[in-house]
Amino acid sequence: MSATDGRSAYARRLDRDLRRRASAYPSTGGGPRFSILTTVYERTDAALFAETADCLRGQTHAFHEWVVLAHGPISPDLDRLLETYAREPRFRLARLPENLGIMGGMRVCLDAALGDYVVPMDADDLLTPDALQVFAAEIGRRGAPALLYSDEDILVDGVARSPYRRPDWDPVLNLASSYVWHLCAIRREDALRLGLYTDAGASWCHDWDTMFRVSQGGHEPVHVPEVLYHWRQHPASSTNRPDPESGSRRSQRHLLELHIARQPAPRHY
């Protein structure tokens, strides 16, 4: 900890990065339209969702729309919050009586999106204030790639820690491990063409499925080496824990078996 402000060295590093990025990734005043995609369900915490909403409203590059699907039963607190947000012009709310699972829910959001790029976001996580601005600048510089991804850290009790500095795109590493989750921006027309969020067997690792589909579709994902996403860890989370859901293991096996079956000599795997 610093003797002067009581914050960690990493917190001070984040502040320096934000100041540096203001000029390194200047706002163009236009740029791509981002559609944020989020699903909520019975276990979504209303207070944490409100924090997510605040971080989106505070983006230095305004998002075009926030597409939110409430599927299945939700808490009264969350229901009231959604009704309040639904009065905002950029908030687009859909409701379904049945929980479709993460894959089915994300597909509903994708089909409803109208922006140039879709940005999947969990209902309890946070973005850095400049996340969309950084992506917008890189999209302009890189000629509108099909997919961009960033680095991230973990948010524990409101404190950001443990930054994950991802490597650049490596298809061999992607086959060995799902190393890309947040933050991603996918060109909407490619997301639809490549059939994102259509394989129910991959529901528990839809991010990995996305990377496979984009790469196998002839596109090289672009790495933006900046921490733009705070992945929240809390007791109710189904991830960030040592004992993953059994469905997660099944989804991983399903994806790997699909990829192996496409190889010239599957018997070697």
Side-chain angles (χ1 to χ4, degrees), residues 32-129 131-133 135-136 147 150 152 155 181-189 191-192 196-198 200 203-207 209-210 228-232 234 236-240:
R33 301 173 304 159
F34 291 108
S35 296
I36 313 297
L37 310 183
T38 302
T39 64
V40 298
Y41 71 122
E42 60 184 346
R43 290 173 59 183
T44 300
D45 185 294
L48 299 183
F49 183 73
E51 291 183 25
T52 300
D54 288 342
C55 92
L56 289 176
R57 292 192 191 99
Q59 288 294 300
T60 55
H61 178 103
F63 62 89
H64 175 67
E65 61 183 355
W66 187 13
V67 181
V68 175
L69 170 67
H71 53 147
I74 58 174
S75 71
D77 287 345
L78 181 59
D79 186 66
R80 286 190 291 269
L81 202 59
L82 291 176
E83 287 302 313
T84 299
Y85 293 164
R87 294 194 283 268
E88 300 180 16
R90 293 183 295 163
F91 188 90
R92 299 181 56 206
L93 175 63
R95 292 180 182 268
L96 290 174
E98 179 183 357
N99 188 319
L100 303 180
I102 184 63
M103 190 69 86
M106 290 300 294
R107 182 65 197 199
V108 169
C109 291
L110 172 60
D111 285 337
L114 300 173
D116 305 307
Y117 280 79
V118 294
V119 180
M121 184 168 182
D122 292 348
D124 52 6
D125 294 340
L126 302 178
L127 304 183
T128 61
L132 296 183
Q133 178 177 325
F135 267 2
L147 184 148
S150 77
E152 67 181 295
L155 194 68
W181 321 301
H182 319 113
L183 180 69
C184 290
I186 308 113
R187 202 163 52 200
R188 182 174 61 90
E189 61 184 33
L192 292 168
L196 265 63
Y197 312 131
T198 57
S203 283
W204 286 89
C205 47
H206 64 90
D207 303 305
D209 182 62
T210 291
L228 304 181
Y229 197 94
H230 303 306
W231 187 19
R232 190 187 297 273
H234 59 88
S237 176
S238 62
T239 55
N240 269 327

Expected output: side-chain [X] to main-chain [Y] donor-acceptor under 3.5 Å:
X	Y	value
D125	W231	no
D45	L48	yes
H61	F135	no
T52	A123	yes

Looking at every heavy atom in both [X] and [Y], which two are closest together, and how far apart are they?
X	Y	answer
N99	G101	OD1-N, 2.7 Å
A70	I74	CB-CD1, 4.3 Å
A86	L93	CB-CD2, 4.3 Å
P120	C184	CD-O, 3.5 Å
L81	A46	CD2-O, 3.4 Å

*Pairing residues for F91 by the ring-ring contact (aromatic ring centres under 6.0 Å, His included) criterion, not counting sequence neighbours*: W66, Y85
_Evaluate F49 against D77 for side chain to side chain contact (heavy atoms under 4.5 Å, CB included), listing each step before the verdict._
CA-CA 11 Å; F49 183 73; D77 287 345; over 6 Å; no
Distance check, rounded to the nearest 0.5 Å: [X] atom [atom1] versus [Y] atom [atom2]?
X	Y	atom1	atom2	value
D116	H64	CG	NE2	8.0 Å
T210	H206	OG1	NE2	7.0 Å
F34	M121	CZ	CE	13.5 Å
D122	T44	CG	OG1	9.5 Å
H182	L228	NE2	CG	12.5 Å

Any side-chain heavy-atom pair of [X] and [Y] under 4.5 Å:
X	Y	result
L183	E152	no
I186	L110	no
L96	L69	yes
L132	Y117	no
Y197	I102	no
L192	D111	yes
M103	D209	yes
T39	L100	no

_Take a 6.0 Å sphere around CD of E83 and say whether it holds more than 12 heavy atoms from other residues, nucleotides or ligands._
yes
*Any Lys/Arg nitrogen of R95 or D79 sitting under 4.0 Å from an Asp/Glu carboxylate oxygen of the other?*
yes
*Criterion side chain to side chain contact (heavy atoms under 4.5 Å, CB included) on H71 and V108, from CA distance to verdict*: CA-CA 10 Å; H71 53 147; V108 169; over 6 Å; no
_From R92, R188, R90, residue fulfilling salt bridge (Lys or Arg N to Asp or Glu O under 4.0 Å) relative to E65_ = R92
*For H230 and T128, run side chain to side chain contact (heavy atoms under 4.5 Å, CB included): C-alpha distance rounded to whole Å, both residues' side-chain angles, the deciding distance at 0.1 Å, then the answer.*
CA-CA 7 Å; H230 303 306; T128 61; 3.7 Å; yes
*Show the numbers, then the answer: is there a side chain to side chain contact (heavy atoms under 4.5 Å, CB included) between V119 and L127?*
CA-CA 11 Å; V119 180; L127 304 183; 5.5 Å; no
